Engineer: 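One structure, pasted below without further comment.
Here the structure is a predicted model, which is why all the values come from computation and not from measurement. A note on names: the letters A, B, ... follow the listed sequences, proteins ahead of strands, and every chain is numbered from 1.
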There are 2 protein chains.
Amino acid sequence: MLKNQTIPKATVKRLPLYYRYLRILFDSGKQKVSSKELSEAVKVDSATIRRDFSYFGELGKRGYGYDVEKLLDFFAKTLNDDRLTNVALVGVGNLGNALLKYHFHQSNSIRISAAFDVREDIVGKIVDGIPVYPISDMEEQIRIQQIDIAILTVPADKGQENAEKLVAAGIKGIMNFTPARLTVSSDILVQNVDLTNELQTLIYFLNHYKKEQTGE
Amino acid sequence: MLKNQTIPKATVKRLPLYYRYLRILFDSGKQKVSSKELSEAVKVDSATIRRDFSYFGELGKRGYGYDVEKLLDFFAKTLNDDRLTNVALVGVGNLGNALLKYHFHQSNSIRISAAFDVREDIVGKIVDGIPVYPISDMEEQIRIQQIDIAILTVPADKGQENAEKLVAAGIKGIMNFTPARLTVSSDILVQNVDLTNELQTLIYFLNHYKKEQTGE
DNA sequence: CTGTGTGAAGGAGTTCACAGCG
DNA sequence: CGCTGTGAACTCCTTCACACAG
């Protein structure tokens with residue numbers, strides 16, 4: 001299988017899963033791992049795992065498995081986890097606050113380095129080590145800190161306007177917790193995380209499918 | 001297309017999207033809508049929308065479009081949103097707290113009706129109208145309140161054990177915010193919501209795909 | 001004439017099953 | 001001999017394009 005080919009989306013979504021479990025294995029001192037072992041831990045079929053890995057070249061050794069450290073290093077580079085990624089957060093409400101305290105960098109190099117809000121009682125404060133700026137400082141801070149990803153946790157009816165401000169400020173990717181479906185230029189990546197949606201879907205499956213797996 | 005067939009997963013995941021937008025249309029007094037209009041609002045191809053709807057029978061009128069109220073009612077029933085669904089929450093930490101205050105029932109009938117935690121300083125309190133019980137009360141409360149869905153927001157290393165307690169208490173579906181991949185019997189539905197995962201995926205796409213859409 | 005519903009084609013992802021490398 | 005890497009089959013989903021109902 002050729003390297004440098006574009007990796008299927010479905011594969012990319014599983015990479016962080018593999019990466020996390022490899023770190024656990026590494027920390028526990030394990031040196032090798034087979035696709036079968038990995039499969040049981042991350043609940044992904046072992047053939048799918050081998051296929052996923054194969055897109056990146058021949059990462060394993062036949063009859064042996066995969067070298068844990070080598071694979072961990074490889075994924076760290078692939079996922080850009082060997083360098084710091086600063087992220088902005090817009091909307092320090094209930095959810096925004098929780099995310100400020102959510103340590104994405106458990107052993108990852110992702111961190112929220114700036115938050116923005118309109119509320120006067122919170123602007124200027126430092127929440128959990130992260131400064132909260134007024135929206136008017138967005139463009140400046142995003143430029144200075146070279147941020148290109150933002151988490152959007154504003155009320156639904158403020159979603160679109162804040163997305164536009166973010167794009168104007170130079171953001172390239174938005175993790176959108178708003179139920180609004182954002183309209184942005186096609187070179188901006190939007191990852192929707194819609195909690196109500198997720199719950200309603202789960203309820204539907206529960207009532208109609210019974211005994212089956214939902215997947216992601 | 002036959003009714004009563006099983007609806008594709010991909011379709012089910014979009015139903016809440018349609019449902020939400022139909023309510024907006026209804027509230028604004030609109031009476032009919034075409035798949036094209038819907039398509040622009042929810043960012044789903046219009047052919048996909050028509051296909052999705054067709055699984056449920058002939059919901060529209062040719063040359064006219066869809067009747068907003070009729071469709072809204074239909075989806076309310078389909079998504080069980082015409083009756084109350086109680087949900088439990090386990091782990092009242094940062095994220096758990098935010099979810100207690102997150103109004104799933106903006107105009108939905110989903111509500112968190114019981115929370116559970118181990119921390120003595122919070123057990124017995126009422127957070128945002130929701131009582132926080134000790135874990136030992138889990139089985140009783142879940143039975144009494146006939147809850148069959150739980151949101152799991154405990155630390156990663158407590159995920160599996162709490163999932164097992166939930167299953168023992170009779171839960172049928174778990175929305176898992178823990179990075180742990182739960183091992184549960186196959187009749188239990190697990191919906192994983194992995195925020196770090198989501199962010200890392202977004203970062204990967206940003207660095208490798210450029211100018212493209214991520215989808216969900 | 002308009003916009004749905006759908007057959008047919010196309011594309012994406014998963015899984016089987018096994019050749020073959022270490 | 002064991003486990004990877006992968007051709008081939010398969011399943012699932014999306015999109016095209018158009019017959020046809022209102």
Side-chain angles (χ1 to χ4, degrees), chain A residues 1-15 17-18 22 25 30-68 70-71 74 201 205 208-209 212-216, chain B residues 1-15 17-18 22 25 30-68 70-71 74 201 204-205 209 212-216:
Chain A
M1 181 110 348
L2 274 98
K3 285 183 93 167
N4 261 2
Q5 208 190 335
T6 144
I7 312 298
K9 279 183 194 180
T11 295
V12 174
K13 291 188 184 176
R14 286 186 292 264
L15 297 184
L17 228 49
Y18 302 144
L22 284 167
L25 287 178
K30 228 163 168 280
Q31 305 212 332
K32 69 164 183 172
V33 66
S34 69
S35 60
K36 188 144 170 292
E37 278 174 273
L38 222 45
S39 171
E40 279 152 27
V42 300
K43 321 284 182 200
V44 172
D45 185 272
S46 68
T48 300
I49 293 179
R50 292 200 301 282
R51 175 80 55 192
D52 283 348
F53 288 3
S54 79
Y55 292 118
F56 297 98
E58 308 214 350
L59 264 34
K61 295 186 193 67
R62 296 178 192 232
Y64 172 88
Y66 301 89
D67 183 84
V68 171
K70 192 183 146 212
L71 209 51
F74 179 79
T201 302
F205 284 130
H208 297 259
Y209 283 45
E212 259 187 64
Q213 282 293 93
T214 321
E216 230 53 353
Chain B
M1 181 116 340
L2 273 97
K3 287 184 87 166
N4 261 1
Q5 208 189 333
T6 144
I7 311 297
K9 280 184 193 178
T11 295
V12 174
K13 290 187 184 177
R14 285 186 291 265
L15 297 184
L17 228 50
Y18 302 146
L22 282 168
L25 286 180
K30 227 162 169 286
Q31 305 214 331
K32 69 165 182 171
V33 65
S34 68
S35 59
K36 187 143 169 291
E37 277 175 273
L38 223 43
S39 171
E40 279 151 27
V42 300
K43 322 284 182 200
V44 171
D45 185 272
S46 69
T48 300
I49 293 178
R50 292 199 301 281
R51 174 79 57 191
D52 282 347
F53 288 3
S54 80
Y55 292 118
F56 297 97
E58 309 215 348
L59 264 33
K61 295 186 194 70
R62 297 180 191 227
Y64 172 87
Y66 301 90
D67 183 84
V68 171
K70 192 182 146 210
L71 209 51
F74 179 80
T201 302
Y204 182 93
F205 283 130
Y209 283 46
E212 257 189 65
Q213 281 294 92
T214 320
E216 232 53 352

Engineer: What is the distance, to the nearest angstrom, from the NZ atom on Lys43(A) to the P atom on dT15(C)?
Structural biologist: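 That distance rounds to 15 Å.
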
Engineer: Can you tell if the side chain of Phe74(A) reaches within under 4.5 Å of the side chain of Lys70(A), non-hydrogen atoms only?
Structural biologist: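 No, side chains not in contact.
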
Engineer: At 4.0 Å (heavy atoms only), tell me whether Thr11(B) reaches a base, stays on the sugar-phosphate, or touches nothing.
Structural biologist: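 If one applies the 4.0 Å heavy-atom cut-off, Thr11(B) turns out to touch nothing in the nucleic acid.
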
Engineer: Could you check how far NZ of Lys13(A) sits from P of dA12(C), rounded to whole Å?
Structural biologist: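 Taking NZ of Lys13(A) and P of dA12(C), I get 14 Å after rounding.
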
Engineer: Report the C-alpha distance between Glu37(A) and Lys32(A) in whole Å, list the side-chain angles of each, state the deciding distance to 0.1 Å, and finish with yes or no for salt bridge (Lys or Arg N to Asp or Glu O under 4.0 Å).
Structural biologist: CA-CA 10 Å; Glu37(A) 278 174 273; Lys32(A) 69 164 183 172; over 6 Å; no

Engineer: Applying ring-ring contact (aromatic ring centres under 6.0 Å, His included), name anything that partners Tyr66(A), two or more places apart in sequence or on another chain.
Structural biologist: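 Checked Tyr66(A) against ring-ring contact (aromatic ring centres under 6.0 Å, His included); matches are Phe53(A).
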
Engineer: Quick check: on DNA chain C, is the nucleotide nearest Ala10(A) upstream (toward 5') of the one nearest Gly63(A), or the reverse? Name the residue that is more 5'.
Structural biologist: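 Checking each residue's closest nucleotide, the 5'-ward one belongs to Ala10(A).
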
Engineer: With a cut-off of 6.0 Å (strictly less than), are more than 12 heavy atoms of other residues, nucleotides or ligands near NZ of Lys36(B)?
Structural biologist: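 Counting neighbours around NZ of Lys36(B), 12 or fewer heavy atoms of other residues, nucleotides or ligands fall under 6.0 Å, so no.
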
Engineer: Please confirm whether the shortest side-chain N or O distance from Ser35(B) to OP1 or OP2 of dG3(C) is below 4.0 Å.
Structural biologist: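 It does not, given that no N or O in the side chain of Ser35(B) lies less than 4.0 Å from OP1 or OP2 of dG3(C).
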
Engineer: By nearest nucleotide on DNA chain C, pick out whichever of Arg14(A) and Tyr66(B) is the more 5' one.
Structural biologist: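 Its nearest nucleotide being more 5', the pick is Tyr66(B).
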
Engineer: Just how far, in rounded Å, is C1' of dG5(C) from NZ of Lys36(B)?
Structural biologist: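 My rounded result for the distance is 18 Å.
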
Engineer: Tell me: CG of Asp52(B) to C1' of dT6(C), nearest whole Å?
Structural biologist: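 Whole-Å distance recorded here is 13 Å.
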
Engineer: Any idea which of dG20(C), dT14(C), dT6(C) is nearest the Arg50(B) side chain?
Structural biologist: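 Per side-chain heavy atoms of Arg50(B), the pick is dT6(C).
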
Engineer: Round to a whole Å and report the spacing from CD of Glu37(B) to C1' of dG3(C).
Structural biologist: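 Spelled out: CD on Glu37(B) to C1' on dG3(C) is 11 Å.
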
Engineer: Taking CD1 from Ile49(B) and C1' from dG3(C), how many angstroms apart are they, rounded to a whole number?
Structural biologist: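 In whole Å, dG3(C) C1' and Ile49(B) CD1 are 13 Å from each other.
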
Engineer: Nearest 0.5 Å, what's the CG-OG distance between Leu59(B) and Ser35(B)?
Structural biologist: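 Spacing of CG (Leu59(B)) from OG (Ser35(B)) equals 12.5 Å.
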
Engineer: Nearest to the side chain of Arg62(B) - dT15(C), dG5(D), dT4(C)?
Structural biologist: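 Shortest atom-to-atom distance from the side chain points to dT4(C).
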
Engineer: Less than 4.0 angstrom between a side-chain N/O of Thr48(B) and OP1 or OP2 of dT15(D), yes or no?
Structural biologist: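 True: Thr48(B) side-chain N/O within range (under 4.0 Å) of dT15(D) OP1/OP2.
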
Engineer: Kindly point out which of dT4(C), dG5(D), dT6(C) is positioned nearest to the side chain of Arg51(B)?
Structural biologist: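 When the side chain of Arg51(B) is considered, dT6(C) is the closest of dT4(C), dG5(D), dT6(C).
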
Engineer: Measure from NZ on Lys9(A) to C1' on dT14(D) and round the result to the nearest Å.
Structural biologist: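 So the NZ-C1' distance, Lys9(A) to dT14(D), works out to 12 Å.
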
Engineer: Side chain of Glu58(B): nearest nucleotide among dC13(D), dT6(C), dT14(D)?
Structural biologist: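 Minimum distance to the Glu58(B) side chain belongs to dT6(C).
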
Engineer: Without decimals, in angstroms, what is the distance between Tyr64(B) OH and dG5(C) P?
Structural biologist: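 Interatomic distance, OH of Tyr64(B) to P of dG5(C): 13 Å.
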
